[in-house]
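Worksheet: one structure, shown below.
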Amino acid sequence: MKAFEVVSQPINPQVYADFVLRPEAGAVTLFTGHVREWTKGVRTLYLAYEAYVPMAEKKLEQIGREIEEKWPGAKVAIAHRIGELQISDIAVVIAVSSPHRKAAYEANEYAIERIKEIVPIWKKEIWEDGEEWIGDQKKKPEGEKG
Amino acid sequence: MITLHYFAGLRELTGKSQEQADLAGKTVDDLIEWAADKYPGLQQGSARVAINEEYALPTDVLEDGDNAAFIPPVSGG
């Protein structure tokens, strides 16, 4: 594994937690983001993720550097899966270790927010009656169109 | 030559994931205009442009051999 990677196989989160653990760490936060079945009343059958892989991995590394600057002593590993994912599959894992728990919690949330801002990865939702790339034009539930 | 990359909805709109274009010396703004002219609807997705895997400014100039990617609003996580 790499500390910051885009993968096409199922993610084992423990690998990333183990990677960031070291003697000076008093806390490890492990976030896993999963494929959700229902979004705003619309049922998802499965998701398809696509990435600009070399740039996505660079941007994940950048997030890691930002975290090490903001929370000195933190160590980060992030993986995002691409391809077809089923309900409850892990799409993303973020592991952060730090000497004390507050930094590990805060840095972990910072990482997912930054992923949603700068990392070139796209999600397509496939429903019973159609499909759409999310981010381009969000589907709204019936009655909330426009 | 410049290698252009299209992803997600833009890949489906253009019908291709990449192509070559003779745009060396042009700016990112020129590139967007060129692509929007060739692929109507491309600008509606408010894509950003990355050059050689880094987000670029509208005034950045393309050089021969560059990789330019249209980055639609991202939706990872």
Side-chain angles (χ1 to χ4, degrees), chain A residues 4-7 11 31-36 39 44 47-63 78-83 85 90-94 108-125 130-139, chain B residues 1-21 23 27-28 31-58 60-77:
Chain A
F4 303 97
E5 61 182 352
V6 174
V7 299
I11 287 172
F31 170 82
T32 53
H34 298 256
V35 177
R36 181 177 52 231
T39 297
T44 296
L47 295 182
Y49 281 97
E50 178 177 327
Y52 184 15
V53 174
M55 181 172 171
E57 292 188 338
K58 278 187 187 175
K59 289 287 143 188
L60 292 175
E61 284 172 21
Q62 177 186 325
I63 292 168
I78 307 173
H80 202 299
R81 186 176 166 194
I82 55 173
L85 276 70
I90 296 173
V92 61
V93 60
I94 303 166
N108 203 304
E109 182 165 30
Y110 176 85
I112 189 68
E113 297 298 334
R114 289 294 279 157
I115 287 170
K116 290 171 181 290
E117 288 170 1
I118 66 167
V119 180
I121 296 176
W122 301 274
K123 170 171 69 180
K124 182 187 235 182
E125 290 182 356
E131 57 180 42
E132 195 159 280
W133 287 103
I134 305 305
D136 284 335
Q137 210 180 352
K138 287 190 177 167
K139 175 166 175 141
Chain B
M1 296 295 276
I2 308 297
T3 304
L4 306 178
H5 301 261
Y6 304 101
F7 297 97
L10 293 182
R11 179 173 48 72
E12 293 179 354
L13 176 79
T14 62
K16 61 192 75 167
S17 55
Q18 48 177 275
E19 68 179 321
Q20 303 277 319
L23 292 164
T27 65
V28 166
L31 164 65
I32 292 169
E33 197 179 319
W34 176 89
D37 192 48
K38 189 172 178 182
Y39 305 108
L42 178 132
Q43 262 180 322
Q44 288 167 15
S46 61
R48 284 182 281 178
V49 170
I51 299 177
N52 301 331
E53 301 164 10
E54 190 52 70
Y55 290 111
L57 298 171
D60 285 350
V61 177
L62 297 164
E63 292 176 22
D64 195 38
D66 277 352
N67 281 279
F70 288 89
I71 310 288
V74 302
S75 51

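Predicted model only: the values in this text are computed from it and were never measured. Just so you know, these numbers use all the heavy atoms, side chains as well, and skip hydrogens, waters and symmetry mates. Throughout, a chain's letter reflects where its sequence line sits, starting with A, and its residues are numbered from 1.
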Output the option from B/H5, B/R48, B/E12 having the highest count of non-hydrogen pairs under 4.5 Å with chain A. B/E12

Counting only heavy atoms not in A/E117, do more than 12 sit closer than 6.0 Å to its CD atom? yes

So for A/Y52, is it side chain, backbone, both, or neither that comes closer than 4.5 Å to the heavy atoms of chain B? both

For the candidates B/G77, B/S17, B/S75, which exhibits the highest count of non-hydrogen atom pairs separated by less than 4.5 Å from chain A? B/S75

Of the backbone (N, CA, C, O) and the side chain (C-beta and beyond), which part of A/I112 lies under 4.5 Å from a heavy atom of chain B, both, or neither? side chain

Between A/I115 and B/V74, the two heavy atoms sitting closest are O-CG2, 4.1 Å

Could you please state which residues from residues 55-63 of chain A sit under 4.5 angstrom from chain B, measuring non-hydrogen atom to non-hydrogen atom, sorted by number, or 'none'? A/M55, A/K58, A/K59

To the nearest 0.5 Å, what is the distance between CZ (B/R11) and CH2 (A/W133)? 5.5 Å

Count the heavy atoms of every other residue, nucleotide or ligand shown that sit under 6.0 Å from CD of A/E109, and state whether that count exceeds 12. no

Okay, A/I118 and chain B: the region with an atom under 4.5 Å from a heavy atom over there is both

Please classify the contact of A/A51 with chain B as side chain, backbone, both or neither, using a heavy-atom distance under 4.5 Å. backbone

Does any heavy atom of chain B fall under 4.5 Å from the side chain of A/K123, the backbone, both, or neither of them? both

Is a donor on one side and an acceptor on the other found under 3.5 Å between the side chain of A/W122 and the backbone of B/F7? no

Take atom CD in B/E63; do more than 12 heavy atoms of anything else shown fall under 6.0 Å from it? no

